[in-house]
Amino acid sequence: MRSKFTDMAKKKKKAPPLAHGMIKRTSQSDIDKRVGIARKTLQITGYQDLWDTMTKKQKKFLLCRTIQEPLIHAAIPNTVPRQYVRNIRENVFDFMRTRYVGDRDVKLTFMEFFSFGIMFLRLFNSFLKEPGFFNEAQLDIIRRAGDIDDLFRHVIETWPKIAQMLSTTVRKYSQVQFRTYGFVMKLKENEYSIRSSYRLFITLTSCEREIVYFKYKHISRPAYRIFTGDESANNNEIVCIPYQKIFPCSDSDKKLEICIQAHAIHRFKERCDIFDATTRNVILITTLIFFQEVKMGLTDTLIACMIGPVVFGYFPFIIEDDRLFILTFIPLVNDQVYEGKRFMDTFKLRKEELSFLGMDKLSFFQNIDFDQIPALKQALIDCDLYEARDVVEYYKTENNFYDQDKTDFVKSFFDKQIAQIESDDNFFDKQFEEIENNDDF
């Protein structure tokens, strides 16, 4: 009896392979895409009047290359998780499909330009050097348009934008205590012909963690080197800070390697509780690579943790063997920094009370409606702490809203604290007045 699964088990017949020298038939929709990209590419280079003067044969030669989207892959298999590769590919493609080359009105996207526009320019440039391909009328249009050697300037303009976006994307998945990811971006061409086709290759690289030991309070502690993960053939470039930034009066031009211990990463995660894991990774690496602003605390020199111009925390550190070791992360509202100490003195608060209220975490600035507590809001502004709210607003999502219960609780606490301070001040004023009225005094 014939099994019902017999047909399902049969293998599908594959199409016979193309004979040597045969070319797969190109669909009309694909040709239309190439024509559209070619027109836009000529328009941004100033040759928009040229296309309509070309013959069918000329267009056929210029459109002979296929559309090839950028190839994003891991340099060595299994060194970058496949899900990370898929996520990065999706992010890069979304970016390239929504950014435009040259004049925005032309609407030539990065994706179109790197998939076919560059190949078209390469062919256009090569045929331009061949006598007889373009007629005199067409050459007059080309000469009037401008500098022929400036055809590839748009590649130079768009390249850094893609590289910057990729740097931010790979840092989302980089964790200094585990692995740092980087990338290499190249335009590769086939070597067998001068009229070669270009394709953008983005190769994802990875660098395993490196542990360095240092002594602090007579205890040997592990710390992790921080790598840049930027575009490089070897992304093992260690993040450094100039010695003169720490000691401005020094004439030394040496640099200090920046290392961070796990405790600092853990504290950073606790205090910056409004960020997801990928955002924390980006902020941590970016602030240590680009900002490196050194400030004086009450007792120690600190590195500011910043998003743009806004400081929302500090990294205390020690220096040992030409390396800078970050010890922990200190929030703004803390008695070890000027802003926090001033705020605590204003309301006569202790460190335990700050933790009780949750002021040592960024979520405090997200959950509390400060317009309902004018005295607290003004004190935060006077102590240069209210700028932390700008960070919260920048990363705010649709699901973020004020917590009225917490707002009421904080309002009740500060109302009582202010009343207690005023009561104490009235008591001391009365005591001082009695002393002044005392004849014996």
Side-chain angles (χ1 to χ4, degrees), residues 267-275 283 287 291 293-316 328-397 400-433:
R267 287 299 183 201
F268 182 78
K269 177 182 177 181
E270 279 186 343
R271 308 304 189 206
C272 303
D273 55 342
I274 66 170
F275 304 133
I283 293 173
T287 194
F291 297 112
E293 184 169 336
V294 179
K295 292 190 175 185
M296 282 299 300
L298 291 174
T299 56
D300 300 311
T301 305
L302 308 168
I303 295 178
C305 187
M306 309 174 67
I307 296 178
V310 180
V311 178
F312 65 94
Y314 293 97
F315 294 111
T328 188
F329 175 77
I330 300 175
L332 277 179
V333 188
N334 189 284
D335 58 357
Q336 297 182 43
V337 296
Y338 286 108
E339 302 98 318
K341 182 64 176 173
R342 185 180 173 189
F343 178 82
M344 293 171 69
D345 291 342
T346 301
F347 289 105
K348 298 181 180 180
L349 297 172
R350 295 171 297 166
K351 188 176 180 179
E352 294 77 14
E353 291 172 317
L354 294 178
S355 299
F356 175 69
L357 293 170
M359 295 192 70
D360 55 344
K361 298 180 180 179
L362 277 177
S363 57
F364 177 84
F365 294 90
Q366 176 179 276
N367 297 329
I368 305 303
D369 184 3
F370 294 104
D371 292 332
Q372 299 183 32
I373 319 173
L376 174 59
K377 181 178 180 179
Q378 189 58 48
L380 291 171
I381 294 172
D382 294 341
C383 300
D384 298 326
L385 294 171
Y386 198 71
E387 287 185 349
R389 190 162 178 80
D390 295 339
V391 176
V392 173
E393 290 295 326
Y394 182 80
Y395 287 95
K396 194 172 183 179
T397 63
N400 295 138
F401 51 87
Y402 296 127
D403 190 323
Q404 190 58 48
D405 291 338
K406 289 185 179 179
T407 301
D408 293 340
F409 176 78
V410 172
K411 184 178 186 303
S412 174
F413 177 89
F414 278 97
D415 285 345
K416 292 178 182 178
Q417 195 71 13
I418 292 170
Q420 182 64 40
I421 293 171
E422 291 176 350
S423 175
D424 292 343
D425 290 343
N426 292 336
F427 173 78
F428 285 116
D429 289 343
K430 187 178 291 185
Q431 290 289 330
F432 185 72
E433 186 178 344

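The chain is numbered in sequence order, starting from 1.
Nearest heavy atoms, Phe343 versus Leu376: CZ-CD1, 3.6 Å. Gly358 and Phe364 make their closest contact through O-CB, 3.2 Å (heavy atoms, listed as atom of the first residue, atom of the second, distance). Nearest approach of Gly297 to Leu302, heavy atoms of both residues: CA-CD1, 3.9 Å. In terms of heavy atoms, Glu353 sits closest to Arg350 at OE1-N, 2.8 Å. Of all non-hydrogen atoms in Leu332 and Gly313, the two that sit nearest each other are CG-N, 4.0 Å.
Classification of the Phe347-Phe414 ring pair by plane angle, with boundaries at 30° and 60°, yields perpendicular.
With sequence neighbours left out, the salt bridge (charged side-chain N to carboxylate O under 4.0 Å, His left out) criterion links Lys351 to no other residue. Every residue two or more places apart in sequence or in another chain that forms a side chain to side chain contact (heavy atoms under 4.5 Å, CB included) with Lys269 is listed here: Arg280. In this structure, the side-chain hydrogen bond (donor to acceptor under 3.5 Å, both in side chains) partners of Glu339, at least two apart in sequence or on a different chain, are Tyr314. In terms of the side-chain hydrogen bond (donor to acceptor under 3.5 Å, both in side chains) criterion, Thr346 has no residue partners (sequence neighbours excluded). Partners of Gln404 according to the side chain to side chain contact (heavy atoms under 4.5 Å, CB included) rule, which considers only residues two or more places apart in sequence or in another chain, are Gln372, Thr407, Asp408. When the side chain to side chain contact (heavy atoms under 4.5 Å, CB included) test is applied to Ser363, the partners found at least two apart in sequence or on another chain are Asp273, Ile274, Lys361, Asn367. For Asp345, the salt bridge (charged side-chain N to carboxylate O under 4.0 Å, His left out) partners at least two apart in sequence or on another chain are Lys341. For the side chain to side chain contact (heavy atoms under 4.5 Å, CB included) test, residues two or more places apart in sequence or in another chain that qualify with Tyr386 are Phe370, Lys377, Leu380, Ile381, Arg389. Qualifying side-chain hydrogen bond (donor to acceptor under 3.5 Å, both in side chains) partners for Asp335, counting only residues two or more places apart in sequence or in other chains: none. For Lys406, there are no salt bridge (charged side-chain N to carboxylate O under 4.0 Å, His left out) partners, not counting sequence neighbours. For Glu293, the side-chain hydrogen bond (donor to acceptor under 3.5 Å, both in side chains) criterion is met by no residue, not counting sequence neighbours. Partners of Glu387 according to the salt bridge (charged side-chain N to carboxylate O under 4.0 Å, His left out) rule, which considers only residues two or more places apart in sequence or in another chain, do not exist here.
Residues Ile283 and Phe268 form a side-chain contact, since some pair of their non-hydrogen atoms from C-beta on lies under 4.5 Å apart. With contacts defined as side-chain heavy-atom distances shorter than 4.5 Å, the pair Phe315/Thr287 qualifies. By the 4.5 Å heavy-atom criterion applied to side chains, Tyr338 and Asp384 are not counted as neighbours. Here the side chains of Asn334 and Asp360 are not in contact, with every heavy-atom distance at 4.5 Å or above. The shortest side-chain heavy-atom distance between Lys295 and Val311 falls under the 4.5 Å cut-off. Two residues are said to be in side-chain contact when any heavy atoms from C-beta on lie closer than 4.5 Å; Phe365 and Asp390 fail this criterion.
Taking CD of Gln420 as the start and NZ of Lys348 as the end, the distance is 8.5 Å to the nearest 0.5 Å. Distance CG/Leu349 to CE/Met344: 6.5 Å, rounded to 0.5 Å. A distance of 7.0 Å separates CZ of Arg271 from OG1 of Thr328, quoted to the nearest 0.5 Å.
For Phe409 and Phe356, the ring centers sit closer than 6.0 Å to each other.
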_I'd like to know whether Phe275 forms a side-chain contact (heavy atoms from CB on, under 4.5 Å) with Val391, so could you lay out the CA-CA distance, the side-chain angles of the two residues, the decisive distance to 0.1 Å, and finally the verdict._
CA-CA 10 Å; Phe275 304 133; Val391 176; 3.7 Å; yes
